[in-house]
Each structure stands twice: as C-alpha cells, then as structure tokens.
Amino acid sequence: MLYMDYAATTPMHPEVIDAMTEVMRLHYGNPSSLHKLGVESELLVRRSRETIAAALRCKPGEIRFTSGGTEGNNAAIRGTAYKYRHRGNHLIASAIEHPSVHETLGRLEKDGFRVTYVPVSRTGHLELDKLQEALTEDTILVSLMLVNNEIGSVQPVRAVGELLRGRAKTVFHVDAVQAIGKLPVVPSELGADLLTGAAHKLGGPKGAGLLYVRSGLELEPQLTGGGQEFGLRSGTENVPAIVGMAKAIRIAVEKQPHFLSRTSALREGLIREIRQFSELVLTGEIEEAGLRPEEHAMAPHIVHFAYPGMKSEVLVHAFEQQGICVSARSACSSGAEEPSRVMLAMGCNPEEARSGIRISYSAEQEPEETAAVFGRALAEVMKKLRPQAVRSSGRGRRR
C-alpha cells in the first residue's frame, strides 16, 4: 500500500517511538508532584519546551502544550475573543480556514461577535486588499492558516503580519499545523502573536500539540483547574506525548531543507501525471490560473485535483483498489458529501467541489518512483471510472 495521505497524519518517527517508550516505562511521575519522580517528569517537560522553542526561535515561556491543532486553534481564538471583548467584537479569518477555526468563529458569532470571512483568489490565496478593507477599530483578532490543509496554498502570512504591525488592539493568530517542519516557521518573523502546531503532522504522536503565545499576551483560559501551562490549560501534562512531539519537531526542522527538495521534486512529477488526463482539473495551480510563479506559492507536500462529475469518495476507493491511500478534502470532514467549502470559496463550481482529491506525501518517498507508481494507478482509475463520469458540454478547466 502506497500511503499518500500525510496531510491527514504521518507515521511516527522511530526515534520518537523509542523516546516515548522510555518515558512511559521509566518516567511516570506527575510533573506537579514534589517528589523525585515528579521532578524528573517536570524536567522532561521543561526540556521539551526548550527544544521546541529553539526550533521555532522563540522563548520557552512562549510555548503552551495542547492536545493538538484543534484545541490550539480553539484556545487561541476563544481565548483572544473573550479576553479582549472589551476592546471590540470584530474577528477576521479567510474563507478557507480549517473547520476548527471556521466552526469556532461560527459559535462566537452566535455569542454576539461579528466575523468577516475574507475571500480568496482562484488559486486559493487570501486577497490582501480585501483583508485591509475589512479591518476596523473593533477588530481584535485576525486568524489565518499558513498552509491550507486541503489544497496546499501558502497564505501571505508575513504580509498580513506587516499589515497588522502597530495595531495594538488586533491579535494575529497563525494556524501553522501544515507548515511546521515543512516551511520556515518563526513566529516573530511572521508577525504572529499566536501560532498553532500539531505533532502528528510531522512524525510525532497524535494527541499532542502546541500553541505559541507571544510574551505579554494574555488569553482567557478554556480549561481551568490546576493552573498548568501558565494557567492557560489546566490538567496533568501528557509527558510521553510532549517528549515525542519535541523530538519530532526537532528532527523535522533539522531535515526541512531535505524535505523541501524531495517533496518539491515529487510534486512536479505528480502534476505531470495528472496533466495527462484532460478530464482532471488541478486545483489552485498558478500556471492553470495564468499567474506568474512568484506571485503566490503552493506547499511542496500537497497536490490537489478534481474530477468533475465524479464523487470524491468514489475516487478515494478507486485509488485504494490500486493500492494507494489518498483523501477527500480535510481529514476532519472527508466523510461529508457536501461540496468542499474551500473549493467553492475559490470559485470552483459544485461539480468540481464534490470531486476533489488531496494527495500528500513525505520526503522519504523516492520522487521519480513514487510519481511513476501513482501515474500507473491513476491511469487504471481513469480507465475504470471514465464510463461512469457524468459528462456535460462545455465542462473543462476553469477560465
């Protein structure tokens, strides 16, 4: 089975498994306990915080441990909204944010907050001028993902950080779950006040995440009790998962140049294979939209395409029969039959938005061989599904 769903989750790195196993076997003390076993566990948590801070080039005291990306996004958005509601009630995000951001904002709207969803271009990139127009004196939060989890578009986060610089009332949150260890991620350079990460996207354990909180910024706690994580998230720390996450992030950041080189080469090969079939529509590709490559960017580890007239679920199972694991949109909503919210926001028609397929991969996969295997499988899938495809006159690539 060729696994090409790394954006959903990744296999754990062997060194991470070894480190976590040792912690579970020997260091089972509660980090809040005062005895020797507790102190040893607390030291492991502290060293993990320092390791992650070094990788993100921030202060150890700016790292908070969470259960993953969803909790981190919720803590950042809710924590900001309720803490600074006295400053204003306006929140901004792009129209293609992850469900953990989009749905959280929807809940806040019901609680009286006003939310603006900034549109994106046909390549899936935030329209910066529209964001600037949306800012008001009441804007207390802008939330923007660095890499879109569904189509792989890299958002102009650094430009947004520059735009917000000097706006003391506005907190800038960056969802970097699909970016850490893949692209350069330094919160201070991005202008981020808050930044979310998750371990299982880069060879770490599920159920472990981080939230960078800029020094001096306070958030309303969403979990109260024992006061752990600087009062932001009460609850006994998951020491093995924290240690595993720290090791996974350190390894991923150290190997980032290698990752970028290998996945970029594989991405080019996969795109060549997809372009062999006129029925398939590459999603968000710069060349498809007639833009210059330097205007925007796509993440190196994700390729997305649509087969108008064919449901995503049918394509996923067809690839599985060929021995390849791919996915339909976000892993958090891949079972839904509705058109992709992200693709609709990009201007795709409903037929395209029901047929999206995400391919994601790792630097450990050999580029030429993997692209060739995928190409053969794609040819078999198209041979099987073509007779089933709903054909309509004038359908084809978006103009």
A.B. asks: List for me each residue that meets side-chain hydrogen bond (donor to acceptor under 3.5 Å, both in side chains) alongside E254, sequence neighbours excluded, and say none if there are none.
C.D. replies: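 Listed in chain order: R250.
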A.B. asks: Distance under 6.0 Å and angle within 45° of the ring axis: does R233 meet both against F65?
C.D. replies: no
A.B. asks: Check this for me: K169, atom NZ, are more than 12 non-hydrogen atoms of other residues, nucleotides or ligands nearer than 6.0 Å?
C.D. replies: yes
A.B. asks: Are there over 12 heavy-atom neighbours, none belonging to R57, within less than 6.0 Å of that residue's CZ?
C.D. replies: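 No, because the 6.0 Å sphere around CZ of R57 holds 12 heavy atoms or fewer from other groups.
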A.B. asks: With a 3.5 Å distance limit and no angle check, can you tell me whether S33 reaches the backbone of H35 through a side-chain donor-acceptor pair?
C.D. replies: no
A.B. asks: Show me the donor-acceptor pairs, under 3.5 Å and distance only, between side chains in residues 75-83 and residues at least two apart or in other chains.
C.D. replies:
from, atom 1, to, atom 2, distance (Å)
R78, NE, N74, OD1, 3.1
T80, OG1, A76, O, 2.7
Y82, OH, D111, OD2, 2.9
K83, NZ, E218, OE1, 3.3

A.B. asks: Above 12 or not: heavy atoms from other molecules or residues under 6.0 Å from OH of Y28?
C.D. replies: no
A.B. asks: Return the orientation label for the F374 and F319 ring planes: parallel under 30°, perpendicular over 60°, tilted otherwise.
C.D. replies: parallel
A.B. asks: What is the minimum heavy-atom distance between L260 and P300, and which atoms define it?
C.D. replies: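 That closest heavy-atom pairing would be CD1-CG, 3.7 Å.
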A.B. asks: Backbone N or O of A318 within a donor-acceptor pair of the Q322 side chain at under 3.5 Å?
C.D. replies: no
A.B. asks: Would you please say whether a donor-acceptor pair under 3.5 Å links the side chains of T51 and S48?
C.D. replies: no
A.B. asks: With D18, which residues qualify under side-chain contact (heavy atoms from CB on, under 4.5 Å), at least two apart?
C.D. replies: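 Residues passing side-chain contact (heavy atoms from CB on, under 4.5 Å) with D18: none at all.
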A.B. asks: Charged N to carboxylate O under 4.0 angstrom, R46 versus E42?
C.D. replies: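 Salt bridge between R46 and E42, a charged N being under 4.0 Å from a carboxylate O: yes.
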